[in-house]
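The block underneath contains the structure these notes are about, expressed in structure tokens.
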Number of protein chains: 2
Amino acid sequence: MSRTTTIGAAAKAAGVAIDTVRYYEREGLLPVANRSSGGYRLYTAADVERLRFIRQAKALGFTLGDIAGLLQLQDGGGPRQQVREMARARVSELDRKIRELTAIRDTLVALEQQCHGSGTVAGCPIIEGVQSVSLNQSPES
Amino acid sequence: MSRTTTIGAAAKAAGVAIDTVRYYEREGLLPVANRSSGGYRLYTAADVERLRFIRQAKALGFTLGDIAGLLQLQDGGGPRQQVREMARARVSELDRKIRELTAIRDTLVALEQQCHGSGTVAGCPIIEGVQSVSLNQSPES
DNA sequence: TTGGAGTCTGGACTCTACTTCAGGGTCAAG
DNA sequence: CTTGACCCTGAAGTAGAGTCCAGACTCCAA
């Protein structure tokens with residue numbers, strides 16, 4: 001009964017691409033949309049809210065998998081406690097990653113400062129330093 | 001004429017997987033290996049060094065593309081200046097990412113602290129807060 | 001000589017989050 | 001009625017950095 005929009009308008013209102021909306025429907029993050037007589041998907045204000053939620057949660061670094069979980073909690077009126085746990089887990093993850101990147105950064109800065117930056121690469125402290133650096137594997141970034 | 005090892009020993013010595021060594025050869029990060037009479041790839045200590053360099057540079061967050069550039073500089077005796085620039089660029093990139101992740105982290109922590117964590121998800125400050133947060137798109141992590 | 005560990009190949013597959021494509025149908029304005 | 005903007009579908013492609021596979025071959029020690 002509420003007013004509805006087409007996919008283009010909904011996508012624009014939520015700040016995502018049209019294809020992304022269809023993709024989210026396929027992936028189950030959005031309910032299967034109602035259709036107009038001509039077969040166009042129809043979106044309500046609630047759908048647009050949901051899209052916006054997805055976009056923002058993504059900006060907070062949640063994966064679509066995480067977001068699916070969050071949306072399920074919303075849909076099912078699940079325990080708030082669980083939302084909190086997901087937020088906490090995400091914060092830990094972020095802390096870990098920030099520490100890791102900071103360590104990498106500091107290492108590179110130190111190497112860079114040992115390099116006077118003239119001549120050829122032979123004996124360059126940065127190149128040679130890389131060999132002897134010890135860091136954890138796979139910074140995932 | 002120097003002693004050589006098979007791919008398994010080289011991979012182990014460098015701390016990477018066998019398939020990864022072959023992959024690096026395909027991608028041009030390693031020279032095409034000499035072969036034994038039976039067709040086995042043969043690796044020298046220099047190859048192992050190179051593999052180790054790649055691994056470490058990756059741990060510093062350089063992409064394989066970056067690393068290919070670094071290796072080309074090494075192979076060609078290129079200007080040290082250029083190595084420095086790559087290191088600087090990487091540091092800037094890291095700084096940017098660290099700032100971004102920190103902003104996300106702080107946002108999440110703030111939301112989490114507003115949530116007492118009991119009851120259902122309805123009205124949960126974390127969920128509702130996500131809607132109104134303003135951050136840049138695509139944190140790429 | 002035989003058995004098992006190691007290696008060879010080309011190609012397909014993984015993951016995430018989309019994006020692009022071709023070849024159509026729908027809708028509203030003029 | 002036509003034009004142009006919008007929308008539909010299923011399938012395939014993208015990036016990055018590998019990983020895995022089957023089936024065949026090689027190597028070394030017992």
Side-chain angles (χ1 to χ4, degrees), chain A residues 3-30 32-43 47 51 53-71 90 93 97 136-141, chain B residues 3-30 32-43 47 51 53-71 90 93 97 136-141:
Chain A
R3 267 179 270 88
T4 57
T5 64
T6 60
I7 195 171
K12 193 167 183 188
V16 301
I18 288 179
D19 284 334
T20 302
V21 177
R22 285 194 281 249
Y23 171 70
Y24 288 166
E25 178 180 315
R26 274 203 304 287
E27 296 297 303
L29 292 163
L30 289 179
V32 172
N34 292 326
R35 300 301 182 107
S36 72
S37 55
Y40 283 20
R41 286 176 181 79
L42 296 175
Y43 294 91
D47 292 322
L51 271 174
F53 176 83
I54 296 171
R55 181 168 73 93
Q56 296 283 45
K58 244 168 50 64
L60 290 174
F62 289 100
T63 65
L64 292 189
D66 293 336
I67 295 170
L70 249 14
L71 288 169
R90 180 73 195 129
E93 170 74 7
K97 188 159 291 175
N136 302 336
Q137 320 296 84
S138 73
E140 323 158 20
S141 113
Chain B
R3 268 183 270 81
T4 57
T5 64
T6 61
I7 195 171
K12 193 168 183 187
V16 302
I18 288 180
D19 281 336
T20 301
V21 178
R22 286 194 281 247
Y23 172 70
Y24 288 167
E25 178 181 314
R26 274 203 302 289
E27 296 298 302
L29 292 164
L30 289 178
V32 172
N34 292 325
R35 301 297 182 109
S36 71
S37 56
Y40 283 19
R41 287 176 182 79
L42 296 175
Y43 294 92
D47 292 322
L51 270 173
F53 176 83
I54 295 170
R55 181 167 73 93
Q56 296 285 42
K58 245 169 50 64
L60 290 173
F62 288 99
T63 65
L64 292 189
D66 293 336
I67 295 170
L70 250 14
L71 288 169
R90 180 72 195 131
E93 170 75 7
K97 189 160 291 176
N136 302 337
Q137 319 299 85
S138 71
E140 323 158 23
S141 112

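Worth saying up front: this structure is predicted, and the values here are computed from it rather than measured. Just so we're on the same page: letters track the sequence lines, and every chain starts at 1.
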Can you name the closest pair of heavy atoms from Arg55(B) and Val16(B) and give their distance?
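The answer is CD-CG1, 3.9 Å.
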
Which of residues 33-40 of chain B have a heavy atom under 4.0 Å from DNA chain D?
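Those residues are Ser36(B), Ser37(B), Gly38(B), Tyr40(B).
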
Any residue of residues 18-26 of chain B with a heavy atom less than 4.0 Å from an atom of DNA chain D
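Close to the strand are Asp19(B), Thr20(B), Tyr23(B), Tyr24(B), Arg26(B).
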
Got a sec, which residues hit side-chain contact (heavy atoms from CB on, under 4.5 Å) with [X], two or more places apart in sequence or on another chain?
X	value
Ile18(A)	Ile7(A), Ala11(A), Arg22(A)
Ala9(B)	Thr5(B), Thr6(B)
Tyr24(B)	Thr20(B), Leu29(B), Leu30(B), Leu51(B), Ile54(B), Lys58(B), Leu64(B)

Kindly indicate whether the side chain of [X], heavy atoms from C-beta on, has any atom under 4.5 Å from the side chain of [Y].
X	Y	result
Thr63(A)	Ile67(A)	no
Arg35(B)	Tyr40(B)	no
Tyr43(A)	Asn34(A)	no

What is the first contacted nucleotide of DNA chain C and what is the last, in 5' to 3' order, if contact means an atom lying under 4.0 angstrom from a heavy atom of chain B?
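That gives a stretch of dG6(C) to dT9(C).
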
Ser36(A): which residues meet the side chain to side chain donor-acceptor pair (under 3.5 Å) condition with it, sequence neighbours left out?
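Not a single residue meets the side chain to side chain donor-acceptor pair (under 3.5 Å) criterion with Ser36(A).
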
Could I get the full list of side chain to side chain donor-acceptor pair (under 3.5 Å) partners for Glu25(A), not counting sequence neighbours?
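Applying side chain to side chain donor-acceptor pair (under 3.5 Å) to Glu25(A) gives Arg41(A).
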
If you walk 5' to 3' along DNA chain D, what is the first nucleotide with an atom under 4.0 Å of a heavy atom in chain A, and what is the last?
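The contacted stretch runs from dC6(D) to dT9(D).
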
